[in-house]
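Input: a single structure, listed below in structure tokens.
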Amino acid sequence: MRITNVLLVSTIFFGFTAGANAGYTPDFDGGIDVRLAIQAAIESAASAGGLVPAMPGRPAPETPVWVSMEKSDVGALDGALFKRAPVAQNKNIAVYEFDPADLGQLADGMYRAFHRAPGYFAHDTLEAALQDLEAPPAPPSRAYIIDQGPRLKGILARVKEESIVSVITSLSAYKNRYYSSATGVDSSKWLQQLWGKFAEGRPDISVAAFKHASFAQESVVLTMLGAAEPEKVIVMGGHLDSVAGGGDNPAPGADDNASGVSVTHEVIRTLVESGYRPAKTIKFIAFAAEEVGLRGSGDIAAAFKKQGVAVVGMLNLDMANYKGSPLDIYFITDNTNADQNAFLGKLVDTYTDYKWGSSKCGYGCSDHASWTKNGYPASLPFESTFAQYNPFIHKATDTLDKTGGRAEHALKFARLAVAYAVELAK
Ligand code: BES
Ligand code: ZN
């Protein structure tokens, strides 16, 4: 295969109006740290046919990264950033070679065109990017039976708003939890310590860091080993990192996504303090580096698939505390599993008085997409409709005071997640 090393025509987004974007800080480092991947990317390109010499006027990127994105998105950005041919494509998705220095402009263009950023998958190697062109294998369908009412009654009664507030407060006190910043690393170490306490006196519980090859922030994994079928695994969690324009900018990320990690923490706390022991294994994960292209969950879901881990279901908790819409919970229907979403709706109906609906991101907006891509059933119960999402995210103003210092909304997600864990891990 021939690799076309098309040049990026320097693009300035003066054509866009400010309006909804006021206050957005462009991320000119793009949040992609590829130093360790440079050699692999070059070698991968070389073995696939070599790089075509650069056109005059601008040198070829020394350190390419590989970006996969929806072709419909590329169409909307046309004339701005995509004066380049894709390296490969299928009906819906195209893979492009990028100079990492230009990813900031891509993220900025995505934000201006679609009010989201960055909205693409960044890969260290061409090989990994090409996998995005393959349709994810359909997970086997399973029967979802709801029959844990008596047991759940006592467990659900223990779920508390205050402990969710307390963890959001601690996490959002870090200057940022950016995947490559010192405080981003510190926040992961802090969570490892906090979760480590749940393992005391419980030989069936362990806490480990998942180290990523190309960035410093570690994902955090708490494993509750199944007593009857330990090889079957339920995954639940959300991303630990935060972003506000990239780099070391202040990014409290109280809603995006201290809320999801705190809900995950609350599920663990409630289950442990109830003395609950699952029949199947439950892995609670705080994912590193979501905000820079789902990189943490991408590594973990790919590793699980490679090792043949039987993931029964994945619940992504990303943004849970800002009630932007009339209903309580909205299930995101794209890049998720319809059967599992229906099961979650039934759990809401069975165990709560909450009202739920559906919404769509329109792209792989969070870590559930990594699990879907690797053939596992995944869901994202979301705090609002996509159209009405929290306007403070990805800014220094994503703070807990926006919800009056409360976590009433997140509490609903904690109850649902407890029910999900107990009904699925039986
Ligand atoms: N929590 C957001 C995803 C989100 C935002 C979902 C608004 C629904 C409404 C997540 O942290 C994020 O920012 N994702 C990126 C995409 C990802 C591939 C880097 C985004 O939405 O731009
Ligand atoms: Zn985000």
Side-chain angles (χ1 to χ4, degrees), residues 20-21 24-27 30-32 65 67-70 73 93 103-104 106-123 129 132 171-172 176-179 184 215 237-246 249 251-261 263 286-298 301 316-325 329-336 358-373 378-398 410 413:
N21 309 315
Y24 174 67
T25 317
D27 176 3
I32 309 295
V65 285
V67 164
S68 62
M69 53 193 294
E70 298 279 340
D73 287 357
I93 299 163
L103 286 178
L106 174 60
D108 200 29
M110 290 294 286
Y111 188 85
R112 288 166 191 265
F114 307 112
H115 208 88
R116 59 179 154 89
Y120 54 80
F121 292 95
H123 301 275
D132 287 357
L171 285 172
S172 56
N176 62 61
R177 302 186 302 280
Y178 196 57
Y179 83 121
F215 48 89
H239 71 90
L240 172 67
D241 64 318
S242 69
V243 72
N249 289 344
D255 190 38
D256 185 12
N257 182 35
S259 68
V261 175
V263 166
F287 301 106
E290 185 267 355
E291 299 284 10
V292 288
L294 316 182
R295 297 181 72 183
S297 62
N316 183 19
L317 296 159
D318 186 2
M319 296 170 65
N321 201 29
Y322 185 89
K323 190 175 190 298
S325 302
I329 296 172
Y330 292 84
F331 295 106
I332 298 298
T333 56
D334 53 340
N335 293 291
T336 59
S358 309
S359 190
K360 249 188 186 162
C361 279
Y363 61 105
C365 62
S366 180
D367 295 312
H368 57 280
S370 298
W371 298 87
T372 299
K373 207 163 88 178
S379 299
L380 172 60
F382 195 66
E383 64 187 12
S384 66
T385 64
F386 182 75
Q388 294 176 308
Y389 75 79
N390 182 347
F392 301 108
I393 67 163
H394 301 174
K395 298 186 175 90
T397 46
D398 181 5
F413 292 78

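Hydrogens, waters and symmetry mates are skipped; everything else that's a heavy atom, side chains included, is used. Computed from a predicted model, the values in this text were never measured in an experiment. Each ligand, and each atom within it, is numbered from 1 in the order the structure gives.
- Close contacts of ligand 1 with Met319, meaning ligand atoms under 4.0 Å from a residue heavy atom, involve 1 (N), 2 (C), 4 (C), 5 (C).
- Each of the following atoms of ligand 1 lies closer than 4.0 Å to a heavy atom of Leu294: 17 (C), 18 (C).
- Contact of the Ser379 side chain with the Asn316 side chain is not registered, since no non-hydrogen atoms from C-beta on lie closer than 4.5 Å.
- Between the side chains of His239 and Asp318, a donor-acceptor pair is found at a separation under 3.5 Å.
- Some N or O of Asp256 is nearer than 3.5 Å to an N or O of ligand 1, by distance alone.
- Considering backbone and side-chain atoms alike, His239 places an N or O below 3.5 Å from some N or O of ligand 1.
- Side-chain contact check for Ser68 and Asp132: at least one donor-acceptor pair (N or O, by modelled atom type) lies under 3.5 Å.
- Of all the listed residues (Ser297, Gly260, Cys365), Cys365 holds the heavy atom that lies closest to atom 3 (C) of ligand 1.
- Counting the atoms of ligand 1 from 1 in the order shown, those under 4.0 Å from a heavy atom of Gly364 are 18 (C).
- Taking the Zn ion (ligand 2) as the apex, the angle formed with NE2 of His394 and OE2 of Glu291 is 110°, to the nearest 10 degrees.
- Sorting the N, O or S atoms of Asp256 by how far they are from the Zn ion (ligand 2) puts OD2 first.
- In this structure, the side chains of Glu291 and Asn257 stay at 4.5 Å or more apart for every pair of heavy atoms.
- Within ligand 1, the atoms closer than 4.0 Å to a non-hydrogen atom of Asp318 are 1 (N), 2 (C), 3 (C), 10 (C), 11 (O), numbered from 1 in the order shown.
- Contact of the Phe386 side chain with the Lys360 side chain is not registered, since no non-hydrogen atoms from C-beta on lie closer than 4.5 Å.
- Among the atoms of His239, no N, O or S atom falls under 2.8 Å of the Zn ion (ligand 2).
- Asp398 places no side-chain N or O within 3.5 Å of a backbone atom of Pro252 that could act as its donor or acceptor partner.
- Between the side chain of Ser359 and the main chain of Thr385, no donor-acceptor pair closer than 3.5 Å is present.
- Counting heavy atoms closer than 4.0 Å to ligand 1, residue Glu290 contributes atoms from both its backbone and its side chain.
- Under a 4.0 Å criterion applied to the non-hydrogen atoms of Phe382, ligand 1 contributes the atoms 6 (C), 8 (C), 9 (C).
- For Ser384, the side-chain contact (heavy atoms from CB on, under 4.5 Å) partners are Ser325, Phe382, Tyr389, not counting sequence neighbours.
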